[in-house]
Amino acid sequence: MSDTQSEETGPAERQEPIPMMQRILDSPFLLLFLGVVVPTVLYTIWGVMEVASIPLAQ
Amino acid sequence: MTAETAVGTIGGRAAKFRTCQFTGLKVDTAAQTLIKVNAVAAVIFLLLGGVMGLLVALTRWPAVHLLPAELFYLVLTGHGANVLLFWIIFFEVAVLYFASAILLNSRLATPKLAWLAFLLMVAGAVLANVAVLRGESSVMFTSYPPLMAEPIFYLSLILFAVGTLIAVGIFFATLVIAKEEGTYEGSIPLVTFGALTAAIIAVFTLASGAIILIPTLLWSVGLISNIDPLLYKVVWWGMGHSSQQINVSAHVAIWYMIAALLVGAKPLSEKVSRTAFLMYILFLQLASAHHLLAEPGLDPSWKIVNTSYMMYLAVVGSMVHGLTVPGSIEAAQRRNGFDKGMFEWLRKAPWGHPAFSGMFLSLVMFGFIGGISGVVLGTEQLNVLMHNTLYVPGHFHGTVVAGTTLAFMAATYLVLPLIFQREIVWPTLAKWQPYLFGIGAGMISLFMMGAGTLGMPRRHWDITFSDAVIGYEPSAGAFLMMGLNGIGALLASVGGAVFILVVVGTVLFGKKVQSGHQLTFPLHAGGGKAASEYGSHATTKLPGTAVLVAIFFVSFVLYYFINWKYLSELWLFR
């Protein structure tokens with residue numbers, strides 16, 4: 001009986017969901033995406049828009 | 001386990017590997033060779049850049065003022081390129097291959113492509129030096145338009161960047177191979193995660209470099225009529241400052257690795273340390289904006305969001321590492337039996353091991369000098385106190401020289417016996433080397449920051465502005481600081497020379513490490529496992545670390561508010 005129980009709990013333990021944060025940290029390409037997009041938007045694109053919006057001298 | 005090479009399988013694929021007798025790790029010999037050549041190239045460019053750095057410091061020393069103006073700007077350009085780019089990035093590529101193939105017990109993806117990457121990087125670095133030494137590309141590290149270098153200068157940097165990008169791609173491919181072939185279980189180890197952080201930042205860095213250097217190359221050959229200086233600055237600093245953030249991530253990963261290999265330290269919390277690295281991935285590159293805080297063309301909201309908001313989140317990441325690295329060492333030392341009082345763990349740490357002393361000095365100086373001054377420079381109001389003064393080079397010598405370079409030197413003392421399989425020659429010299437270099441680098445940083453606070457300009461051959469229409473002469477105290485900076489540079493140069501001597505001597509003449517060999521500078525028995533496996537050792541019994549962190553915070557707050565007080569005295573609002 002106990003053997004049966006352990007066989008039943010084994011797969012259940014394996015199916016325990018991995019926390020979302022751990023899944024993010026275990027995904028190198030998701031991290032790569034975030035690590036490129038965040039500075040590209042906040043620093044580069046916004047910064048270039050700032051420069052582009054400076055009026056030309058007459 | 002032996003040190004001899006065998007043909008076997010890694011993850012089910014045939015590969016040549018050996019099993020390291022000290023760490024138990026499987027070492028892919030193709031990765032090993034590539035780590036060696038990248039490390040050797042790094043040291044060669046450190047030598048070249050270091051000699052140029054000494055010449056710069058001797059010219060800035062008022063009593064010596066060694067070089068004429070033209071040579072000063074030439075050497076300053078070469079110094080920046082060789083140490084800020086070539087030394088650092090060659091070594092980082094070696095770190096990426098080590099943290100992926102070796103720590104994950106995997107084969108390296110596409111070694112032939114890795115050789116192509118290496119050759120492109122060497123070609124770029126050599127061509128850049130040729131361009132600089134020809135004397136027509138003395139545009140300094142930033143190469144701001146309208147200063148124009150020879151086309152070969154920009155081309156060389158692009159070649160170097162392409163080679164590095166390929167190497168970064170190979171790192172990612174090796175992660176995929178290791179996962180698919182099941183060479184490790186669960187999550188990647190923390191050291192590899194730190195290297196992953198460095199690789200991600202490298203992608204943004206190299207993309208920014210390509211975006212701005214390709215049009216600049218076209219401008220230098222006459223195909224584009226104009227490069228907007230402010231636009232150039234914005235995009236260039238996406239490369240220029242972020243390249244130094246690759247260093248931060250890489251050297252923090254090395255701190256964890258050395259702590260694991262030498263005292264068996266495991267992270268206090270994998271979750272916390274990884275979240276701190278995540279702060280780097282998301283926000284560290286945004287600190288590039290602090291170079292542009294005095295630019296009138298950029299809106300304050302862009303400046304403040306990127307620095308005072310986002311950059312501080314990355315600073316929190318650094319402060320977490322500043323707690324968890326010494327904390328994990330304290331926890332490990334207490335497990336190793338050094339449990340008496342508050343600081344036995346620190347007193348009885350392996351201070352005679354150059355990898356440990358270099359790592360710990362790097363940790364302390366990066367935090368106290370480079371870190372605190374970085375936050376001050378990143379605060380828009382305080383930035384005006386020292387913008388474009390010698391304070392800025394003082395800050396980045398605190399991060400890149402006292403922090404990164406010293407950490408990389410420390411790691412080299414492990415690379416020599418474990419990868420080159422050579423016993424370190426002249427161990428007494430090796431023991432003293434981190435102290436010589438570290439104290440010298442600390443002096444350089446502090447005295448340049450001191451001189452900069454007193455108004456000493458950066459990038460000027462003539463610091464007295466003798467032929468300026470509106471005269472300005474820095475104070476006597478600032479000149480004294482420049483002399484002390486020269487003495488610090490001499491000390492760091494001696495430390496650097498000893499490092500090169502020990503490395504070259506070891507590679508050429510060091511005793512071959514055979515099976516059963518006892519290392520002069522031994523590792524912790526469980527070091528390999530601690531470095532290469534996921535897992536924390538949580539404890540709150542860290543009284544020594546708590547005191548060290550408290551000292552750091554008091555210093556941080558005092559220095560920060562002293563600068564606000566200084567600012568209030570300069571700008572009197574009545």
Side-chain angles (χ1 to χ4, degrees), chain A, chain B residues 168 171-172 175-176 179 186-188 192-193 196-197 199-205 207-208 211-212 228-235 237-238 241-242 245 249 270-271 274-275 277-278 280-289 292 295-303 305-307 309-310 534:
Chain A
M1 185 65 182
S2 60
D3 285 346
T4 311
Q5 278 179 339
S6 66
E7 277 174 22
E8 283 170 1
T9 53
E13 281 170 8
R14 281 198 296 275
Q15 284 166 9
E16 186 182 326
I18 299 169
M20 190 184 75
M21 195 63 193
Q22 189 176 340
R23 273 188 287 161
I24 292 171
L25 293 175
D26 281 345
S27 311
F29 292 100
L30 175 62
L31 294 175
L32 173 62
F33 174 78
L34 293 172
V36 173
V37 167
V38 171
T40 300
V41 172
L42 282 178
Y43 176 83
T44 310
I45 294 177
W46 186 3
V48 169
M49 283 169 61
E50 289 287 332
V51 177
S53 64
I54 298 172
L56 289 174
Q58 300 298 317
Chain B
V168 171
F171 169 80
F172 279 103
L175 290 188
V176 172
K179 190 168 182 68
S187 303
I188 54 175
T192 308
F193 194 82
L196 170 65
T197 305
I200 290 169
I201 295 175
V203 172
F204 174 76
T205 302
S208 302
I211 289 168
I212 200 60
D228 181 86
L230 185 54
L231 188 71
Y232 176 94
K233 281 183 177 181
V234 170
V235 184
W237 277 114
H241 198 82
S242 302
Q245 317 297 17
S249 311
E270 287 272 5
K271 284 179 198 168
R274 276 163 208 260
T275 306
F277 276 123
L278 180 64
Y280 283 1
I281 290 170
L282 297 176
F283 306 118
L284 197 52
Q285 298 99 306
L286 305 175
S288 304
L292 302 158
E295 294 294 336
L298 294 160
D299 191 82
S301 55
W302 178 84
K303 294 174 182 173
V305 166
N306 277 286
T307 57
Y309 295 160
M310 300 303 175
Y534 180 92

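Residue numbers begin at 1 in each chain, while the letters A, B, ... track the order of the sequences.
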| What's the spacing between A:M21 CE and B:K271 NZ if we round to 0.5 Å? | 11.0 Å
| field | Non-hydrogen atoms of A:P39 and B:Q285 that approach each other most closely | value | CG-NE2, 3.6 Å
| note | Turns out that what part of A:T40 lies under 4.5 Å from chain B's heavy atoms comes down to both
| query | Within the distance-only criterion (no hydrogens, no angle test), does the side chain of A:E50 pair as donor or acceptor with the backbone N or O of B:L298 below 3.5 angstrom? | reply | no
| So what's closer than 4.5 Å to chain A heavy atoms on B:N306: side chain, backbone, both or neither? | side chain
| request: Measure distances from B:T307 to the heavy atoms of chain A and classify the residue's part below 4.5 Å as side chain, backbone, both or neither. | output: neither
| remark: Counting heavy-atom pairs under 4.5 Å with chain A, the top scorer among B:I281, B:D228, B:L284 is B:I281
| said: Check the orientation of B:F204 and A:Y43. Use parallel for under 30°, tilted for 30 to 60°, and perpendicular for over 60°. | reply: perpendicular
| said: For B:L196 versus A:L31, what's the shortest heavy-atom pair and its separation? | reply: CD2-CD1, 4.0 Å
| field | Nearest heavy-atom neighbours spanning B:V234 and A:V48 | value | CG1-N, 4.3 Å
| field | Region of B:F277 that comes under 4.5 Å of a non-hydrogen atom in chain A | value | neither
| Which one of B:L230, B:I188, B:I201 has the most heavy-atom pairs closer than 4.5 Å to chain A? | B:L230
| query | Looking at A:L34, A:L42, A:V37, which makes the most heavy-atom pairs under 4.5 Å with chain B? | reply | A:L42
| request: Would you name the heavy atoms of A:L25 and B:F193 that are closest together and state the gap between them? | output: O-CE1, 3.2 Å
| message | What part of B:L286 gets within 4.5 angstrom of chain A, counting heavy atoms only: side chain, backbone, both, or neither? | response | both
| query | Quick one: are A:V38 and B:M310 in side-chain contact, heavy atoms under 4.5 Å? | reply | no
| request: Using a 4.5 Å cut-off on heavy atoms from C-beta on, say whether the side chain of A:F29 contacts that of B:L175. | output: no
| By a 4.5 Å heavy-atom criterion (distance strictly below it), what part of B:L292 contacts chain A: side chain, backbone, both, or neither? | side chain
